[in-house]
Structures are given as C-alpha cells and as structure tokens.
Amino acid sequence: MTQMTQSYLAGQLKLALKNLKDIEYAVNEASIVAITDNNGIINYANEKFCEISQYSKTELLGQNHRIINSGYHSKDFFKKMWKTILNGQTWHGEIKNKAKDGSYYWVDTTIVPFLNDDGKPYQYISIRNDITTRKEFEEEIKYLAYYDSLTKLPNRNLMEKHFQKILSYKERNKPLALMFIDLDRFKKINDTFGHSVGDRLLEKVAERLQHTLEGKALISRLGGDEFILLVDQIQQKGVIKLANEILISMLKPFHIDNKHNIIVTASIGISFATPDDIRNHEKTTNFIEKLIQQADIAMYYAKQQGGNRSQFNTPSINAEIKRNFNLENELQHALEKNEFSIHYQPIVDLNTRKIHGLEALLRWENSKYGCVSPYEFIPILEETGLINKVGKWILRTVCEQVKLWHKQHIDLSKVAINISPLQFNDENFINDLQDILLETQLNPKYLNLEITENVLYDINNSLDILYKLNHLNISISIDDFGTGYSSLSYLKFLPIDTLKIDKSFIDHLDEHGEVIVQSIMSMAKNLHFQLVAEGIETEKQLKFLKKHGCERGQGYLFCAPLSSETMTSLLKRNLVTKSIL
Ligand code: C2E
Ligand code: MG
Ligand code: MG
C-alpha cells in the first residue's frame with residue numbers, strides 16, 4: 001500500500017467517523033435513544049431519555065426497561081415485540097410509558113436489533129419520539145365519542161355498542177326494556193335559573209339515576225334533558241317497579257350551588273323487546289332506532305297526560321300520537337288552504353226559545369282527515385302556538401260576519417267567541433283585538449269573550465287584560481264553569497258577567513247533579529251573574545233549569561251549531577229555535 005493510498009484511506013476513515021459522530025449527534029438531538037443488551041438491560045440512554053423518563057443516567061443504566069413500564073399494554077403486546085426483534089427484524093410501534101413521578105408519556109418507538117456473526121442479536125438500539133400530546137388528544141376524542149362530557153355518562157354511541165353486545169347473548173329467556181326519560185318543564189328551569197344551573201341539575205339528575213339504579217341498567221344521556229336506560233333480562237312488572245323508583249327518587253329536591261332547591265319530575269316512556277323480537281331482528285341499528293322511537297312516543301304520551309309518570313308503548317298510543325303528528329302537519333297549512341270555518345250555535349232564552357245570542361265555534365275540514373273535532377285539534381293548535389294566528393283569524397271572521405248581519409238588519413244581542421288561555425295571555429292580544437275592531441268597524445259591545453277558569457291562574461296578568469276588555473266594553477263569560485278551581489266569591493271581584501254551567505252537570509241532572517246545579521244557580525243569582533246552561537238535550541233538563549230560574553241556555557234541544565249561511569237564513573226568519581231541530 002503506498003503512502004498516498006494509506007493517507008487517503010486514513011482520510012476516508014476520519015471522514016466516516018466524523019459522519020458517524022454527526023449522525024449520532026443529530027439522532028440524540030432529535031430522538032430518545034437507548035441501547036440494551038440481549039437480556040434487555042439498558043447500557044446506554046441519551047439525555048432525551050433521561051428528560052422524558054425523569055430518571056438520571058445512573059438510575060437507568062443496568063436496569064431493565066420494566067422501570068418505565070406503565071402496565072397499559074398487555075403481555076401479548078411485548079411478547080410479539082420480543083418475537084420480532086429476536087428474529088432480527090426491526091419492530092415499530094407506539095408505547096405508553098411511566099415516568100419517575102408516576103405520570104405517563106407516549107413514545108413512537110423503533111427497535112433495531114444488531115446481530116453477531118452467528119446471526120443472533122447482541123444488542124438493540126431503540127429510537128423513540130414523544131407523541132404524548134397527539135395520544136392525549138386522540139384519547140380525548142375517543143372519550144368524547146363515547147361519553148357525555150357534562151354528566152360523564154355513556155352517550156348514544158356507547159349505548160348502541162352495549163346494545164349490540166346484549167343482542168349477541170345466546171341464552172335469553174326474558175325481554176329487554178328501553179326507557180326514555182325526559183325531565184318535565186326543564187326548559188322553564190333553564191329560562192328561570194339560567195343555563196349553568198340547568199347544567200348542574202342535569203349532572204345531579206345523572207348522579208341520582210346512577211344511585212337509584214345501582215347498576216341495574218345502562219344509563220346514557222341522549223342530549224338535553226333526555227336519558228336512555230337499557231335494562232336487560234327484565235319482565236314488565238320489574239320495569240314498572242324500576243320506573244316508579246326513578247319517579248320517586250326525583251321527588252327529593254335537588255340542591256344546586258347551595259342556593260337553589262329545585263324539584264323536577266320526569267316522564268318515562270318504555271318500549272319492550274321480547275326474546276323472539278331480539279332473535280328475529282334484522283338490522284341492529286334499525287332495531288334500536290325502533291325501540292327508541294317507540295319509547296319516545298310513550299314518553300310524549302306520558303307528558304301529555306301531565307308528566308311525572310311512566311307509560312308503556314302500546315299500539316293504540318302509537319296510533320294516537322301518529323295521528324296527532326299528522327294532524328299537526330295538516331294544521332300548519334289549514335289557514336292558507338281555507339280549511340277553517342265558523343259555525344254558530346244559538347244561545348236561547350229558555351222561556352221563549354228565541355235566539356238571544358250566538359256562540360262562534362271553530363270548524364276544521366281537512367282533505368285527508370275530514371271534519372276533525374275541536375276537542376282534538378284545538379289542543380294541537382295550542383301546543384304548536386298556531387292558536388294565536390288562528391285565533392286572530394277567528395276574531396276577524398266573526399267580527400266581519402256580525403257586521404254583515406247588521407248590514408242585513410239582523411238584530412243580534414251578542415256573539416260569543418272562545419278564547420284559548422294562550423291567546424288570552426299573549427302580549428299582543430289586546431292590540432290585535434283593537435286593530436280588528438277598528439278594521440271591521442264593529443262596536444265591541446256586540447262581542448262576548450268566553451274564557452275558561454284556568455286562564456285566571458296567572459291572576460296579575462289576567463286581571464290587567466280583563467280590565468282592559470271591560471274598558472273596551474267587551475263582556476266576559478266563564479266557559480265550562482264548575483270544572484275548574486275558581487270560587488264564586490273570588491270571581492265576583494273580577495269584571496265577569498256570565499257563567500256558563502258546564503255540560504257535564506246538565507248531563508247528570510238525574511243523579512246528584514241536581515244539587516250542584518241548584519247551588520251554583522242560587523249563588524250565581526245572589527252574586528248577580530248571568531247564567532247560561534250548556535248542552536241542554538232534553539225537555540226534562542230544560543224543565544229543571546227553568547224551574548230554578550235559569551234564563552238562558554244552549555244545546556241540541558234548541559239548535560246545533562250551524563254554518564254562517566244557514567244561520568243567516570235562520571236569523572232572517574227570526575224563528576224560534578225549536579222549529580229547526
Ligand atoms: P265549548 O266552548 O264549551 O263549546 C260547546 C261545545 O258543546 C261545542 O262543541 C258544541 O258544539 C257542543 N254542544 C253544544 N250543545 C250541545 C249538546 O246539546 N250536546 C252535546 N253533546 N254537545 C253540545 P265543539 O264545537 O265541538 O267545541 C268543543 C270545544 O272546543 C269548545 O267547547 C271550546 O272549548 C273549543 N272551541 C271550539 N271553537 C273554538 C274556538 O273558536 N276557539 C277556541 N279557543 N276554542 C274553541
Ligand atoms: Mg264556549
Ligand atoms: Mg263549554
């Protein structure tokens with residue numbers, strides 16, 4: 001070897017060594033590096049290793065990697081890793097380790113085995129990178145995907161996973177129940193106390209549910225104030241008992257922020273899947289969807305009955321609620337489609353049978369459902385808030401009709417219009433009414449508004465409106481009198497002039513009803529109220545009413561409600577009502 005070649009090689013070697021040093025420096029700067037022998041004993045650890053594990057070099061060297069084991073991974077995980085590197089292959093994976101202070105960190109790890117002349121590994125170099133932030137973020141996302149962040153209860157996703165597991169159980173002889181729980185008037189609580197109190201309340205409700213059910217059901221939060229409970233292997237009796245336990249547990253006030261004592265009730269809808277339903281189900285997602293929907297419908301029904309109760313889903317409830325939904329849809333367009341009309345029923349003088357006044361009654365004829373009873377559709381109009389718009393239409397239509405009758409020289413004392421409590425308490429009610437009177441140029445003295453006793457619950461607001469109406473010269477009747485809670489002496493102080501005795505009392509005149517009607521009549525007379533008896537159908541009823549001094553009444557005995565055209569010709573002929581029965 002010539003001198004030149006020798007010095008060339010030395011130069012090359014120097015360069016290679018320098019490059020190696022540079023690579024080592026770069027790797028140490030970039031990654032966590034450790035070298036272990038073939039028994040897994042650490043004999044090299046770089047600065048970054050010490051930094052992340054919080055152990056000093058002296059604490060690490062001579063130790064097994066178990067010193068940083070977090071216990072997170074299974075034995076199988078490490079078995080596979082060792083198998084790979086013992087075979088001389090590079091292993092790559094993500095490992096959760098434990099630092100000296102007990103905190104955890106995640107590292108993306110590559111372990112490269114180095115082989116001796118026999119092809120056996122004699123040492124392993126591991127290069128790791130800190131991925132803790134990414135992993136924590138991933139774990140958070142995973143948590144959020146399966147748990148509700150407010151109550152820490154499982155969410156719908158986890159509930160569905162659990163449901164799938166339940167469905168796969170082979171041994172099954174009892175049904176599965178799904179309960180849909182919804183808090184009553186939760187919106188009111190939110191509006192009154194604010195959303196943060198609402199949130200605290202939901203947390204406490206979740207805790208109370210867990211405490212009451214003691215692991216008997218999987219509780220999940222669907223969102224808002226809705227919870228779903230899955231109870232497997234349970235009979236109907238058991239579910240009723242459980243539902244009652246939940247309802248009772250809610251009755252204890254919830255203490256929020258040491259400031260508020262809130263009582264909240266719940267409505268519970270229950271659907272059932274028998275072992276046969278479960279065995280024969282087709283697609284799991286459709287099956288659970290169906291059970292939730294059925295429980296939801298039953299819950300809605302429980303709520304309609306006043307809440308604080310549980311209700312099983314039954315075919316008749318399904319049909320009723322479905323019809324309600326459909327009617328609601330149809331009602332949305334009923335005004336534009338001209339499907340409403342007003343019928344008029346005479347209020348007669350019981351002695352002469354002559355028409356004294358009329359009551360305007362709303363009618364709805366729909367192309368799909370035909371004539372629907374106001375007893376059925378008025379509550380839907382109220383629930384949806386449509387009653388305000390429809391109510392205005394009724395007021396205008398009746399005022400225009402009365403004006404028209406006046407133009408035709410038809411003499412009428414008054415026309416009564418039913419006003420829903422919602423409409424009555426609406427802030428625009430008086431203004432709208434005045435606008436309509438102005439537009440139609442009708443003298444308000446021809447109007448009588450019928451309200452029910454439950455309008456008077458919010459007495460301050462009602463009083464204000466009653467006096468404004470009184471000021472406008474519009475008279476007021478209490479409709480369905482006797483079915484509410486108001487006392488006569490209390491009503492006496494309100495600007496009300498007529499009481500309409502509810503039909504149910506007239507219906508039962510043969511039984512104990514006589515005494516009730518008699519006492520209502522004598523008290524009303526003493527307090528100078530006008531009386532109208534509703535729903536008179538027989539001569540016998542009429543005779544009794546007349547005998548006790550009731551002067552006015554309404555009912556099929558005299559005349560059923562009639563369309564405006566028929567009523568016009570009746571009024572023109574000014575017939576006594578008996579002859580048009
Ligand atoms: P209501 O105001 O007590 O009206 C009396 C109801 O009894 C009317 O039923 C009437 O047709 C019926 N009726 C009258 N005489 C007899 C009788 O001799 N026998 C029987 N069985 N029934 C009789 P309708 O028209 O079905 O209305 C039912 C309820 O719906 C009304 O009870 C009222 O509460 C409500 N309603 C009707 N129209 C309106 C309206 O325009 N606005 C509002 N807010 N509610 C209305
Ligand atoms: Mg009425
Ligand atoms: Mg009535």
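First listed ligand is number 1; within each ligand, the first listed atom is number 1.
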Ligand 1 N/O within reach of L362 N/O, cut-off under 3.5 Å: yes
Less than 4.0 Å from atom 34 (O) of ligand 1, is there any heavy atom belonging to the protein? no
Charged N to carboxylate O under 4.0 angstrom, D184 versus K303? yes
salt_bridge(E376, R323) N-O dist < 4.0 Å: yes
With a 4.0 Å heavy-atom cut-off (strictly under), which part of D480 contacts ligand 1: side chain, backbone, both or neither? side chain
Under 6.0 Å between ring centres, would you say that holds for Y467 and H471? no
Look at the aromatic rings of Y344 and W405 and report parallel, tilted or perpendicular, splitting at 30° and 60°. perpendicular
N or O contact, Q423 vs ligand 1, cut-off under 3.5 Å: no
Taking the Mg ion (ligand 2) as the reference point, name the nearest N/O/S atom of E359. OE2
Within less than 2.8 Å of the Mg ion (ligand 3): protein N, O or S atom count: 4
Tell me whether E534 has any N or O atom under 3.5 angstrom from an N or O of ligand 1. yes
Do any N/O atoms on S373 end up under 3.5 angstrom from N/O atoms on ligand 1? no
Between D479 and ligand 1, find which residue part has any heavy-atom pair under 4.0 Å and reply side chain, backbone, both or neither. side chain
Are Y300 and F325 an aromatic pair, judged by ring center distance below 6.0 Å? yes
